[in-house]
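Okay, structure first, notes after.
Note: hydrogens, waters and symmetry copies are ignored here, and every other heavy atom, side chains too, is used. All values reported here derive from a predicted model rather than from experimental measurement. Sequence lines set the chain letters: A, B, ... in the order given, protein chains first and strands last, and positions in each chain run from 1.
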Amino acid sequence: MTRIHVVENVLKANDTAAEANRERLSHARLLALNLMSAPGSGKTTLLEKTLTRLGPAHPGGVLVGDLQTSRDAERLAGLAAHTTQINTGTGCHLSASQVAAALANLDMDRLAFLFIENVGNMVCPAAFDLGEHRKVALLSVPEGDDKVAKYFTLFQQADLVVLTKVDLLGILDFDLQRVRDDLARLNTRAPFLQISAKTGEGLDAWIDWLHQQRAALSDTRGPAS
Amino acid sequence: MHEAAIAEGILEQALIAARGAAGTVRISEVEVELGDLQGVVAEALELAFRICAEGTPAEGATLQLRQQPAWARCRLCSREFAPDVSQYNFSCPNCQAADVLILRGRDIILCSVVCEASEGDR
């Protein structure tokens, strides 16, 4: 009987693929964002508004993850410089290898931003690094003010927390302070933005944040290449 | 969540490791460290492992699970502390900021495997 010491990270395969993705994206100065939330939080609608605002001066590409249908990709196709739909079948989150395959078909030099719209799911996506530069966690007003605490892993890891559909704040019972209190104990690093894609409230701050993050990406690479 | 995929990952690594011990006919024990922040359910992992190990040299192996507690460093004041995961509290006891670098608690590590050689070997 022999005990063999291994000490191997079982999740290594995804992490290795993610690091490779991140290297490629950084090299192309393409800011990649992993948008994660429950289904129906308004990710696709926000992306529609975002791509329109960014315009041809800052081309945005989109990778959309869904179990089935290409509806989201179809909605975004006219607005994004590049759209890829990844259908996961029964997979409840995107993986780094799926993103790697999509990157192979992307002309990265043409894009300023890559929005990865993850599968609607507040649990699993948080555990799978895709190689993104920034994680964006979204929560919509109709979902309720207790979801930050309930799904804290997602919000603790986020680089930005976005509350969407804020045009409904006066209509639905939603305790905004509860969300702020929960974020105060989980994540004080991530800015907290309130957005209504419908009215346009908060969109300026979101666009500004995107540009700041992209600029920060260039800074870490040293002298202009 | 994903205990089946994790079990398959553990099995794959265990079988690779066992090839390093000449004459191994079975793996009797697999020792795994589970990061608290991964939220893996032990019973689900044990069941998943038992199922996927069938028909392999790891069939019937005991899965020894050990906890990897969460440990973090405050990005603002560098204080190291254990986040209170059950209370979803990642705020620094020193400066109250919730801006941490997670040092431990996110990994799933195959620590060791116990291999048994065939009767009569050695």
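Taking CE of A:Met1 as the reference point, atom OG1 of B:Thr24 lies at 12.0 Å (rounded to 0.5 Å).
Counting heavy atoms of neighbouring residues, nucleotides and ligands inside a 6.0 Å radius, atom CZ of B:Arg79 exceeds 12 of them.
Geometric assessment of A:Arg185 against the ring of B:Phe90 yields a negative cation-pi assignment under the 6.0 Å and 45° thresholds.
The residue among A:Val7, A:Ile4, A:Asn187 with the most heavy atom pairs within less than 4.5 Å of chain B is A:Ile4. When B:Ile16, B:Val100, B:Val113 are compared by the number of non-hydrogen pairs under 4.5 Å with chain A, B:Val113 comes out ahead. With chain A as partner, the option from B:Gln96, B:Glu12, B:Glu29 having the largest number of non-hydrogen pairs under 4.5 angstrom is B:Glu29.
For the residue pair A:Arg3 and B:Ser112, a side-chain donor N or O sits within less than 3.5 Å of a side-chain acceptor on the partner.
Using a 4.5 Å cut-off between heavy atoms, B:Arg106 touches chain A through backbone and side chain atoms alike. Residue B:Glu33: no heavy atom, backbone or side chain, is found under 4.5 Å from chain A. The parts of B:Val85 that come within reach of chain A are both its backbone and its side chain, each placing non-hydrogen atoms under 4.5 angstrom from that chain. For A:Ala184, the part sitting under 4.5 Å from any heavy atom of chain B is the backbone (N, CA, C, O) and nothing else.
Side-chain atoms of A:Glu8 and B:Ile109, non-hydrogen and from C-beta on, never get closer than 4.5 Å to each other. In this structure the side chain of A:Cys124 reaches within 4.5 angstrom of the side chain of B:His2, judged on heavy atoms.
Every residue meeting the side chain to side chain contact (heavy atoms under 4.5 Å, CB included) condition with A:Ser37, not counting sequence neighbours, appears here in chain and number order: A:Ser41, A:Lys43, A:Leu138.
Contacts of residues 9-19 of chain A with chain B at a heavy-atom distance below 4.5 Å involve A:Asn9, A:Val10, A:Leu11, listed in sequence order. The stretch residues 91-106 of chain A places A:Cys92, A:His93 near chain B, each with some heavy atom under 4.5 Å from a heavy atom of that chain. For a heavy-atom cut-off of 4.5 Å, chain B lies close to A:Ala149, A:Phe152, A:Gln156, A:Gln157 in residues 146-172 of chain A.
The shortest heavy-atom contact between B:Ala17 and A:Val6 is CB-CG2, 3.6 Å.
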